[in-house]
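Just below is one structure, and these are the notes that go with it.
Atoms within a ligand are numbered from 1 in the order they appear, just like the ligands themselves. Position 1 is the first residue of the sequence; numbering continues from there. Values below: all heavy atoms of this structure, side chains included; hydrogens, waters and symmetry mates excluded.
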Amino acid sequence: MDLTRTTATGLLAQLKAGSVTSEEVVSGYLGRAKELERLNVFVHLDPEKILDQARAIDTKRKAGAPLGPLAGVPVAIKDVLCVENELTTCGSKMLAKFKPPYDATVITKLRDAGAILFGKTNMDEFAMGSSTENSAYGPTRNPWDEERIPGGSSGGSAAAVAADLAPLSLGSDTGGSIRQPAAVCGIVGLKPTYGRVSRYGLIAFASSLDQIGPFTHDLADAALLLQVISGRDPRDATSVDQPIPDYVGTLDTPPKSLRIGLVREFFGEGLDPEVETSIREAIRVYEQAGATIKEVSLPHSKYGVPAYYLVAPAECSSNLARYDSTIYGHRAEDFKPKYPGEDKIHPLILMMMASRAEGFGAEVKRRIMLGTFALSAGYADQYYNQALKVRRLIRNDFDAAFNEVDVLIGPTSPTPAFKFGERTADPLAMYLSDIYTITANLAGIPGLSIPCGLTKGGLPIGLQILAPAFAEENLLRTARVFERATDWHLRRPNSVDGTHGTHGS
Ligand code: GLN
C-alpha cells in the first residue's frame with residue numbers, strides 16, 4: 001500500500017492503530033519527493049531532520065506518552081515562515097542565507113501538535129505574485145500539467161499537496177495566495193479571518209492583509225489544521241481573542257441556514273467559460289441540497305484590484321525597508337560608485353543600494369517603487385488614503401451582503417492554470433489573476449477554495465466560498481455540503497500518478 005496517497009485524517013487513523021509508523025510515512029514521502037524533484041516544490045528538504053522528528057514521535061507513541069492531534073503527520077511549510085535555525089529564504093536571493101533565531105507561532109503550534117516539519121516550499125519572492133515564477137529559485141511546476149504554473153504565491157505548498165508530496169501544507173494569503181494556487185492545483189485552500197491565526201514569524205509582505213492558512217485534499221484535513229494553528233497570540237497584537245470552535249467535530253453537521261449569495265460582479269468579463277460552467281454546476285449542487293440562492297452585488301469590488309495595488313505595495317515598501325544588508329540579508333561585494341554623482345553618496349548608502357539592487361527581483365522592486373510613490377508626501381492623499389477609503393467601502397459591501405445571505409460563492413480564479421511565461425511580461429494581466437480573491441483580504445473576511453471541476457484539458461477548477469469574519473466554522477460546514485455531494489476532492493493528477501483515478505481517504 002502506498003502511504004502517500006491518503007489524507008492527514010487517514011494517516012492519523014493508521015498511525016493510531018499502529019499499522020504504520022511515522023518513520024515509514026515520512027520515508028514514503030521522502031522517496032516521492034526524490035522521484036518528483038523536477039516539480040521544484042521544495043526550496044529545502046532535510047531528510048535526516050525529518051526522519052529524526054518522525055522517530056521521536058514513534059518513540060513517544062511506543063512509550064504511551066500523550067501525543068498531539070497531528071502526531072507523526074508531515075506538514076510542508078511555505079518558505080515565508082520562520083523556522084528556528086533553518087534556512088528561510090522567502091523565495092528571495094536577499095534571504096538566501098537567512099536562518100531565523102526563532103520559530104513562527106504556527107511552527108511552535110505544529111511542533112506542539114506533533115506534526116513533522118516536512119521541508120520549506122517554493123514561493124514567489126516575498127509572496128508577491130500569482131504563479132511562483134517570481135521565485136529566485138526557479139518556478140514550481142503544476143502537477144496537473146508541468147508546462148503550467150501552480151498558482152502563487154504559495155505555489156510550492158499547493159503543488160506539494162496536489163502531488164502527494166505531503167498531506168498538509170501551510171501557505172500565506174495576502175491577496176489570494178492560498179486560494180488561487182489551491183484552485184489551479186485542485187485542492188482545498190483556506191484563508192482564515194484576519195486575526196484568527198498569529199502572524200508572528202511570518203515574514204511580512206503587507207501586514208494588514210497577510211494571513212496564514214492550510215492547504216489540504218479535503219475539508220476534514222482543513223478543519224484539523226486550522227484547529228491547530230488558530231488562536232490569540234500575545235506576540236501578534238492583531239491576533240484576536242475569539243473562542244476557537246470545534247471545527248473538526250462540527251464539520252459534518254450541515255449548516256442550519258444555507259442562504260447562498262452569488263456575487264453579480266464575479267461573473268463578468270474575463271471569466272473563462274469552462275470555469276463558469278463548473279461554478280454554475282456547483283450552484284445546482286447546492287440547490288439540490290436545499291440552499292436558497294440569491295444574487296447579490298458588491299458594487300465596489302471593481303475597485304478591489306486597484307485599491308489592493310496601492311495598499312499592499314505601500315505596506316511592502318515599508319516592511320521591506322529593513323533589508324538594508326547591515327544586520328542581515330544579501331550584501332553586495334562591490335558597491336563602489338559607478339554612475340555620475342555617486343561619489344558624493346556615503347559608502348554605507350552605496351552598500352545598501354547595491355545590495356538591494358542585487359538582492360531583490362524585478363517584481364519586488366516594482367512593488368517597492370509603487371508603494372514608495374503612493375506614500376510620498378503630496379501623493380498620499382491621492383493614492384494611499386484614497387485606497388483606504390475604497391477598502392472601507394468594500395468592507396461595507398460585504399457587511400450588506402452578509403445581512404442577506406450566510407455565504408457568498410463564485411469562482412476562485414478567473415482561469416485555470418496558465419502556461420509559464422504567459423503573463424510575466426504583463427504585470428496587469430498577472431494582477432488580474434486575483435480579481436475574485438483580493439476583496440476578502442481588504443475586508444479581512446475568511447474564504448476558501450474547494451475543487452469543483454476539471455476543464456476538458458484536465459485542469460482543475462476551484463469554487464470560492466466567502467463568509468463573515470470569524471465564521472470559519474460555518475464556512476467549512478457549508479463547503480462540506482458540496483464536498484459530500486461530489487468527488488472532485490478525490491481526483492489526482494495523472495502526470496504524477498500514471499492513473500487518473502480517484503483515491504479514497
Ligand atoms: N498575487 C497577489 C500579489 O501578487 C497576492 C499575493 C499574496 O496573496 N501573497 O500581491
Does the side chain of S207 come under 3.5 Å of the side chain of N319 through a donor N or O and an acceptor N or O? yes

Note: D221 and P167 closest approach over all heavy atoms is OD2-O, 4.3 Å

Please output the residues near ligand 1 using a strict heavy-atom distance under 4.0 Å, listed in chain and residue-number order. A127, M128, G129, S130, S153, D173, T174, G175, G176, S177, F205, Y308, Y309, R367, D434

Could you tell me which residues satisfy side chain to side chain contact (heavy atoms under 4.5 Å, CB included) with L442, sequence neighbours excluded, listed by chain and number? L209, A307, Y308, R391, I394, I438

Residues two or more places apart in sequence or in another chain: which of them pass side-chain hydrogen bond (donor to acceptor under 3.5 Å, both in side chains) with R480? D252, E483

Show me the pairs that pass ring-ring contact (aromatic ring centres under 6.0 Å, His included) and involve residues 408-461, at least two apart or across chains. F266-Y436, Y309-Y431

SB check E295 R264 (cutoff 4.0 Å): yes

